[in-house]
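Here the structure comes first, spelled out in structure tokens, and everything after it is commentary.
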Protein chains: 2
Amino acid sequence: MPDKKDRFKMLLKEKGLKVTTQRVDILEALEMRPDKHLTAEEIYEIVKEKNPDIGLATVYRTIQLLAELNLIDKLNLGDGYVRYEIGNMDEEKKAHHHHHLICLSCGNVLTFQGDLLDNLENQIQKSMGFEVVDHEVKMYGYCKDCAAERKKE
Amino acid sequence: MPDKKDRFKMLLKEKGLKVTTQRVDILEALEMRPDKHLTAEEIYEIVKEKNPDIGLATVYRTIQLLAELNLIDKLNLGDGYVRYEIGNMDEEKKAHHHHHLICLSCGNVLTFQGDLLDNLENQIQKSMGFEVVDHEVKMYGYCKDCAAERKKE
DNA sequence: ATTCATGCAAACGGTTTGCAAGCTT
DNA sequence: AAGCTTGCAAACCGTTTGCATGAAT
């Protein structure tokens, strides 16, 4: 499997952009936490531990770059923060079938894979003429622990 | 079917809140455009036609109120605006199965109903112990017209 | 040496809030 | 009359941007 860090460096060079320690540090911070859903500020705090001089603006700029290169995914939970995550799968294609479970009690975000929407997509295409190219599913509810907690009360 | 406007007035009184022309005007603006997805600014512009003295802050405050009362739904397309829509169905329950098709070309938002996720919910409950109470599906693609337009090129 | 990237601070823009004046009840 | 609501403007806050300095090629 091709290392994401190497892929990033390669893509940067291809585009005439520079491989800076900040950019690499930010990717590493995300890579250390696969399937976490970090805000820019959180990423900033993580990177600062290793590189205290980094600026928040650099984090924002790098995040944007990583998203354009499809190395990370955006997630908007509607709480005023955009979150970012790095997939832990090789193929980019799979990101298409990667969805979220959001716990209403503890706020944790879990991930699940599923192709079960393909039917639905076909149906929409036929009935409405809408050509689906991507989809996003969020499920709100209670995670295992919080569901148990709630039952006790 | 109970009029949404009456329901709003009733709910306001129940809560010791006041029935003001501004609040009613805002609900009417939304009611005139069922299944549209309006930003606060857009609602503001609509209401201003009838009541030019209304303030944007009032629109924001009323929208918040309407959302808390479950009379309208929020929709976040990730473009920096929160959008609001009023359902055209009677039962609140149905809002649960009401999803969005977002055209990547013209930006229009279509609505579709579907219960096809019930399977998926059950499956998640069993495999992960996550208790789903609500879900949200967004499909990105090309609407009928834009898909046709794209084929021509 | 050239060109891109960084850090800082200021700007941005949608949304929220404090407050005095104005309606609802 | 009492209390909630309004409109205004200022504050908020996550994010973006301009600019001079610094690093990568």
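Please read all numbers here as calculations on a predicted model, not as lab measurements. Chain letters run A, B, ... following the sequence lines, proteins first and then strands; every chain starts at 1.
As rounded to whole Å, 17 Å separates atom P of dG14(D) from atom NZ of Lys74(A). Leu17(A) has its CG atom 14 Å from the C1' atom of dT6(C), to the nearest Å. Here the P atom of nucleotide dA11(C) and the CG atom of Leu56(A) are 18 Å apart, to the nearest Å. Between Asp25(A) atom CG and dT6(C) atom P there is a gap of 10 Å when expressed in whole angstrom units. Atoms CG (Leu12(A)) and P (dA24(D)) sit 13 Å apart, rounded to a whole Å. Between Leu27(B) atom CG and dT5(D) atom P there is a gap of 16 Å when expressed in whole angstrom units. Here dT16(C) presents its P atom at 16 Å from OH of Tyr44(B), a figure rounded to the nearest Å. The separation between Glu41(A) atom CD and dT16(D) atom P is 13 Å, rounded to whole Å.
Of the options His135(B), Glu136(B), Lys138(B), a side chain to side chain donor-acceptor pair (under 3.5 Å) to His99(B) is made by His135(B) and by none of the others.
Residue Thr58(A) places its side chain closer to dG7(C) than to any other of dT6(D), dT25(D), dG7(C).
Listed pair Arg61(A) / dT6(C) fails the phosphate criterion, with no side-chain N or O lying under 4.0 Å from OP1 or OP2. In terms of phosphate contacts, Gln22(A) brings no side-chain nitrogen or oxygen within less than 4.0 Å of OP1 or OP2 of dA5(C). At dT16(D), none of the side-chain N or O atoms of Tyr60(A) fall inside 4.0 Å of OP1 or OP2 (strictly under the cut-off). Not one side-chain nitrogen or oxygen of Thr20(A) sits closer than 4.0 Å to the OP1 or OP2 atom of dA5(C).
A salt bridge does not link Glu149(A) with Lys151(A): none of the charged nitrogens is closer than 4.0 Å to a carboxylate oxygen. At a threshold of 4.0 Å, the pair Glu85(B)-Arg83(B) does not count as salt-bridged, since none of the basic side-chain nitrogens sits closer than that to a carboxylate oxygen.
DNA chain C is contacted by both Val19(B) and Tyr81(B); Tyr81(B) maps to the nucleotide lying nearer its 5′ end (nearest heavy atom per residue). Positionally, the nearest nucleotide of DNA chain C for Thr39(B) lies more toward the 5' end than for the other of Thr21(B) and Thr39(B). Take the nearest nucleotide of DNA chain D for Arg23(B) and for Ala57(B): the residue whose nucleotide is more 5' is Arg23(B).
Residue Lys18(A) places a side-chain atom within donor-acceptor reach of the base of dT3(C), judged by atom type and a 3.5 Å distance cut-off alone.
Ring planes of His100(A) and His37(A): perpendicular class, angle over 60° (limits at 30 and 60°).
Taking the ring axis of Tyr142(B) as reference, the NZ or CZ atom of Arg150(B) stays within 45° of it and closer than 6.0 Å to the ring centre.
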